[in-house]
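All of these numbers come straight from a predicted model, not from anything done at the bench. Only heavy atoms go into these numbers, but all of them, side chains included; no hydrogens, no water, no symmetry mates.
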Amino acid sequence: MTEKLTPGDVAPDFTLPTADGGQLALKDLRGRKVVLYAYPAAMTPGCTKQACDFRDSLASLQAQGYEVVGISPDKPEKLAKFVERDAITFPLVSDVDKSVLDSYAAYGEKMNYGKVSMGVIRSTFVIDEEGNIEHAFYNVKATGHVAKLRRDLGLDQ
């Protein structure tokens, strides 16, 4: 497993397929702040709650200069169903081979119901306008995370 990212690290670049059949490259978002969040699986209860929280906060995040991108190992076809079913209004990218998730240290051993398993470590990365990690949050909770992130970024003052 890759070492966890810390503030000041260069965010690993990527170009990945999106739910809408296109491609998204992190470098194309330079000049904007990016909230990249890693989640285990589209259309599961926790991941749906988290995605809907981001969806519902998107306008206020964008007003503060943040773009939101979700990343999971789901195939683009499953992401497209997720977007349609839950009216997700920001890009979801597919990392089927988990190489990008691994480069962010968001894939590896995790504890789930008392058992160690391999999987996506629910994480959120705030990337600054130059492509550097501003914040790296690992093992975040699906519920309430967006509100906590907004507080941590000083957006609710």
Side-chain angles (χ1 to χ4, degrees), residues 1-6 9-110 112 117-143 145-146 149 153:
M1 184 172 141
T2 307
E3 258 189 58
K4 288 183 176 179
L5 297 174
T6 57
D9 289 346
V10 173
D13 208 3
F14 61 82
T15 300
L16 290 171
T18 58
D20 65 5
Q23 298 262 316
L24 185 137
L26 182 60
K27 69 177 187 278
D28 292 342
L29 298 175
R30 292 286 189 278
R32 289 176 270 177
K33 294 179 183 183
V34 177
V35 174
L36 175 68
Y37 81 97
Y39 62 97
M43 297 193 285
T44 57
C47 296
T48 298
K49 173 73 175 134
Q50 188 178 25
C52 291
D53 281 353
F54 273 115
R55 177 200 66 205
D56 295 346
S57 292
L58 188 62
S60 63
L61 287 167
Q62 288 177 329
Q64 297 288 332
Y66 292 90
E67 296 296 326
V68 175
V69 176
I71 181 172
S72 76
D74 296 306
K75 292 182 176 168
E77 301 79 27
K78 185 175 182 186
L79 296 178
K81 288 178 186 167
F82 191 28
V83 165
E84 184 178 338
R85 187 190 81 175
D86 293 292
I88 305 300
T89 53
F90 54 85
L92 298 178
V93 296
S94 170
D95 183 25
V96 174
D97 70 4
K98 304 169 195 80
S99 61
V100 175
L101 289 160
D102 187 54
S103 71
Y104 279 81
Y107 184 83
E109 279 190 5
K110 65 181 193 171
N112 204 9
S117 63
M118 292 296 286
V120 175
I121 299 160
R122 192 181 303 275
S123 309
T124 299
F125 307 93
V126 180
I127 303 166
D128 69 17
E129 296 89 340
E130 287 79 45
N132 298 309
I133 299 292
E134 201 170 275
H135 300 281
F137 303 101
Y138 290 94
N139 296 306
V140 302
K141 302 281 183 230
T143 302
H145 173 62
V146 176
L149 177 66
L153 296 175

Please round to the nearest 0.5 Å and tell me the distance separating atom [atom1] of [X] and atom [atom2] of [Y].
| X | Y | atom1 | atom2 | answer |
| --- | --- | --- | --- | --- |
| R30 | D128 | CZ | CG | 8.5 Å |
| D56 | L61 | CG | CG | 11.0 Å |
| L26 | E67 | CG | CD | 11.5 Å |
| I127 | E134 | CD1 | CD | 10.0 Å |
| Y104 | I121 | OH | CD1 | 15.0 Å |
| K141 | Q50 | NZ | CD | 12.0 Å |

Any non-hydrogen side-chain atom of [X] less than 4.5 Å from a side-chain atom of [Y]?
| X | Y | result |
| --- | --- | --- |
| R122 | C47 | yes |
| S72 | V120 | no |
| T124 | V35 | yes |
| L149 | H135 | no |
| L36 | F14 | yes |
| Y138 | L5 | yes |
| Y39 | T44 | no |

Over all atoms of both residues, closest heavy-atom pair of [X] and [Y]:
| X | Y | result |
| --- | --- | --- |
| A38 | L101 | CB-CD2, 3.6 Å |
| D9 | K4 | OD2-O, 4.3 Å |
| D74 | P40 | OD2-O, 4.4 Å |
| S123 | V140 | N-CG2, 4.2 Å |
| K27 | D13 | N-OD1, 3.2 Å |
| I88 | A51 | CD1-CB, 3.7 Å |

Is the NZ atom of K110 crowded by more than 12 outside heavy atoms at less than 6.0 Å?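 Yes.
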Heavy atoms from other residues, nucleotides or ligands near CD of E130 exceed 12 (cutoff 6.0 Å):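 Atom CD in E130 is crowded, with more than 12 foreign heavy atoms closer than 6.0 Å.
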Tell me every residue that passes salt bridge (Lys or Arg N to Asp or Glu O under 4.0 Å) with D53, counting only those two or more places apart in sequence or in another chain.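 Salt bridge (Lys or Arg N to Asp or Glu O under 4.0 Å) list for D53, sorted by chain: K49.
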Please list, chain by chain and in numerical order, all residues satisfying salt bridge (Lys or Arg N to Asp or Glu O under 4.0 Å) with K33, sequence neighbours excluded.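 With neighbours one apart ignored, the set is empty.
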I would like to know whether R85 and T48 meet side chain to side chain contact (heavy atoms under 4.5 Å, CB included); could you show each step before the answer? CA-CA 10 Å; R85 187 190 81 175; T48 298; 2.9 Å; yes
ring-ring contact (aromatic ring centres under 6.0 Å, His included) partners for F54, two or more places apart: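 Result, ring-ring contact (aromatic ring centres under 6.0 Å, His included) vs F54: Y37.
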Verify side chain to side chain contact (heavy atoms under 4.5 Å, CB included) between V100 and S103, making sure each step is shown before the conclusion. CA-CA 5 Å; V100 175; S103 71; 4.2 Å; yes
